[in-house]
Amino acid sequence: MTKWVYNFDEVEQAEAGVGGSWDGVRGLLGGKGANLGEMYRIGVPVPPGFTITTEACNAYLENDESFPDDLLDQVATALGRVEGKTEKKFGSPENPLLVSCRSGAKFSMPGMMDTVLNIGMNDEVVEGMLEIFDDPHFVYDSYRRLIQMFASVVMGVREEPFEDVLAEYRERRGVESDSDLPVEDLQEIVVRFKDIVRTYAGREFPAEPNDQLRMAIEAVFRSWNGKRANDYRNAAGIAHDLGTGVNVQTMVFGNMGDGSATGVAMSRNATTGEPKLEGDFLTNAQGEDVVAGIRHTDAIDLLGKEMPTVFGEFRDIAGRLEDHYREMQDMEFTIERGKLWLLQTRDGKRTAQAAVRIAVDMTEEGLISRDEALMRVQPDHVDFFMHPQFAADSKRDAVARNDLLATGLNVSPGAAVGMVAFDPDLAQRWAEEGKPVILARPETKPDDVHGMLAAEGVVTSRGGRTSHAALVARQFGKPAVVGVAAMDIDLSERTLTVEDRIVHEGEWLSLDGTDGQVFSGKLDTRVPDIDDPWLTKLLSWADDVRDLDVWANADYPVDAERARRYGARGIGLCRTEHMFFEPERLPLVQRMITAETRAERIEALDGLLPHQREDFAGLFRVMHGYPVIIRLIDPPLHEFLPSWDQLTSDLADLKIRLRSASTLQEMNSLLEEIDQKTRMLGRVEALREQNPMLGLRGVRLGIMRPSLTRMQVRAIFEAACQVTREGIDVHPEVMIPLTAHVNELARQREVLEEEARAVMKEQGVEIDYKFGTMIEVPRAALTADEIAEYAEFISFGTNDLTQMTYAISRDDAEGGFLIDYLSGGILEDNPFATIDRDGVGQLMEIALEKAKRVRPGLEAGICGEHGGEPRSIALFAELGLDYVSCSPFRVPIARLAAAQAAIVSKATKEVEAEVVLVD
Ligand code: ADP
Ligand code: MG
Ligand code: MG
């Protein structure tokens, strides 16, 4: 016989039934039920009750919505045990047991059936209760709540007729809160509520307590397949076959006068992480009142003044629950005439800042280990400290002002403030005019991408976590909130409506992509403190456990400074060509490219040399003691020249102006300009390639134009010698891009090393340097053993390696078909964001294995954008790379991710070792 029902004191049996795993208990009983049983087990006061399993729910739904044979018998037995414990009887007027019926799935989930309180009341029970409690106000207040809740939640009657009646009485009496109505009113309300049920449901409110309970259980089961629950599971990626548990629990009453109360509390502050109870409560109220926000709640501290003993007890229990679960807890409680009861506990949700502080504090309190603390903080939490966020108080004020319009799915973190635009073209135009924009659409399509890029943030009324809007926003790091169902966007009226609030195009909107909130108006943003003491400590623990070093991609000394401040211990990529675009250098670069004679070219190069030398010297100074990898020029030369389109249209312009020139002088200067542009156009045409990405670039350029790369190497070594004399400890590493064949490297290295030696000799200084190459072409990966003969280090350029392995042009694809590939499920992840383990990862593995066979001490790292992405970092750690190099802003995230990779791999090895021992 299947056991469908577990009393709260049977959690051990449930545990045995699922092989002892707590996750299994949560799966069987749902999170709420499992924790109620667990609280009972450790001696926390919980009103007696029982849980109907998720399996029963599934059986009911599979069986055409009918109960498994013995379910109702088991419910009756369980209820009997509750009656025994409470010495009350369900349905009896003499000493009535009332219960609540609460849904609870494995994962907490909006859309499931709301709780029904006070089940078990009818006219006879009311009579009995009046005698027992001698408190008619409480009795009728409970009864009218039952009828309303039951009718709307179980019988599907709309809320409005009930609310209209309540409003009518409140107005007549001039009171704000329903519980302030006098008994006579509540009595009348009960009668009118029953009429409403009769009218709207076409049947009587069920007077038989057993019918009430059965109907409520069925309603919970059915709510699992309700539309809201389904949508939520789809959006949140929760399996549809988990089912929900049902908890039936003895009622305790927070509405029995001033010695009674109900409230919710977190064991620590969920915003800052401060280790101090935080919460709200209401005296003389029932559960739902606190969350419903109808009455103004009091902060939990006040409970300490009003009921010090109960408060002390609650604080102790909160501490015990934390010790037991080793996590910050979110609790619901009720005080019935001075007696405290816990009604729910679960791990509390928290901000990133609180997550970091709580993990560190709990470690120092001895509750969890350092490894656990490191595993509990998400790399995304670290990201929080790097980007603007809404200040907590400005959010609080906005909520108080009623400016929180709606909440949707938090698909891309960060804060964005802008003027709302309803179409992508307008968004782009406003952005070009320098206005910050929020793009609002019912949903987005590939045609909207330019508007999304121009916007500060994106909000949509439809769509889930894998919608087009969500994917694109995450891709480009735009804060976004999607699936804001309460929001109605009217594209023809150009308005956004939430209930009675209307926002017109051009009005201000603030989006919190971290929490999924949409506010009207402009909220203050603030960049959180990267020097947060708890974060600093956590990251220092991360540094202790990780094997993978974290370096940064930095072109300028300011970037390098930031990288060091964020904890980078080397520069993995300095892109030398970026400096060529600066205004005083670009003309020199262009002269070098377009030079017709060798002398002219040398002159241009000589002009560039001091600039490059200063660039490198600056980097070396900042990176004192750490390696600096400098990559020689990589892009095709045409990128430094004006575009062909631009030149031809300029020329056409000039020729028109020439025709209308009035003075000889004007004609002369126009002719000269035409001549110049024509020559430039000639060079551009000569350099033009069909596929520049696969063209004359990288090492090929160095081979075809050795004077350029020679100049760069000279600049590197002159700078190194110069800073050595200043007392700087310098370790330059010269990196050759895009090698495909070993001969390219052999040839290029010879030329360059000659130059390096020449400089060191001239300067009389010995530099500790390395020569190496990027591995960013599949052929280079496959022949890495040959390449390692000439390379003292290799660095995987995973951006190009991914492009070349997939034959996908990233720039074109990411705004185009790649999005369809992702939303259509052809690709699970964007390979430019998360490394493609099976393809690119395999190439890396082959390359490493081959290269290290030839050169065991070879230094190997990665400098693509994947270097800052946690899942990719896990692979790089597995492959045994020495370092990842990423944008300075990703360095702290990479430090944590690298530590997590080390912890996971240590755990796996321990399990493997145990398996070996067992064998
Ligand atoms: P939710 O999952 O929406 O929080 P709950 O089942 O936790 O729903 O219940 C909603 C409110 O009703 C909570 O404040 C809870 O404390 C209260 N509540 C539920 N069961 C009881 C009970 N047996 N006695 C008193 N209050 C209850
Ligand atoms: Mg609850
Ligand atoms: Mg590259």
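Everything numeric here is computed off the predicted structure, so don't read it as measured data.
- Salt bridge annotation for Lys537-Glu364: present, with a cationic side-chain nitrogen under 4.0 angstrom from a carboxylate oxygen.
- Applying the side-chain hydrogen bond (donor to acceptor under 3.5 Å, both in side chains) definition to pairs two or more places apart or across chains, those involving residues 857-869 are Lys770-Glu859, Thr798-His866, Arg810-Glu865, Thr834-Glu869, Glu869-Ser872.
- Here the side chain of Lys478 pairs a donor or acceptor atom with the backbone of Leu453 at under 3.5 angstrom.
- The backbone N or O of Leu535 sits less than 3.5 Å from a side-chain atom of Asp532, completing a donor-acceptor pair.
- At least one donor-acceptor pair under 3.5 Å links the side chain of Gln900 to the backbone N or O of Val377.
- Taking the ring centroids of Phe581 and Phe640, they lie under the 6.0 Å cut-off.
- Ion pairing between a basic and an acidic side chain is recognised when a charged N comes within 4.0 Å of a carboxylate O; Arg853 and Glu849 show such pairing.
- One finds a salt bridge joining Glu762 and Arg714 here, because a Lys/Arg side-chain nitrogen approaches an Asp/Glu carboxylate oxygen to under 4.0 Å.
- Contact of the Ile630 side chain with the Val734 side chain is not registered, since no non-hydrogen atoms from C-beta on lie closer than 4.5 Å.
- Within the 4.5 Å cutoff, the side chain of Val840 has no heavy atoms near those of the Pro831 side chain.
- With sequence neighbours excluded, no residue forms a salt bridge (charged side-chain N to carboxylate O under 4.0 Å, His left out) with Arg725.
- With ring centers used as reference points, Tyr769 lies under 6.0 Å from Phe717.
- The CZ atom of Arg757 sits 14.5 Å away from the CD1 atom of Ile767 when rounded to the nearest 0.5 Å.
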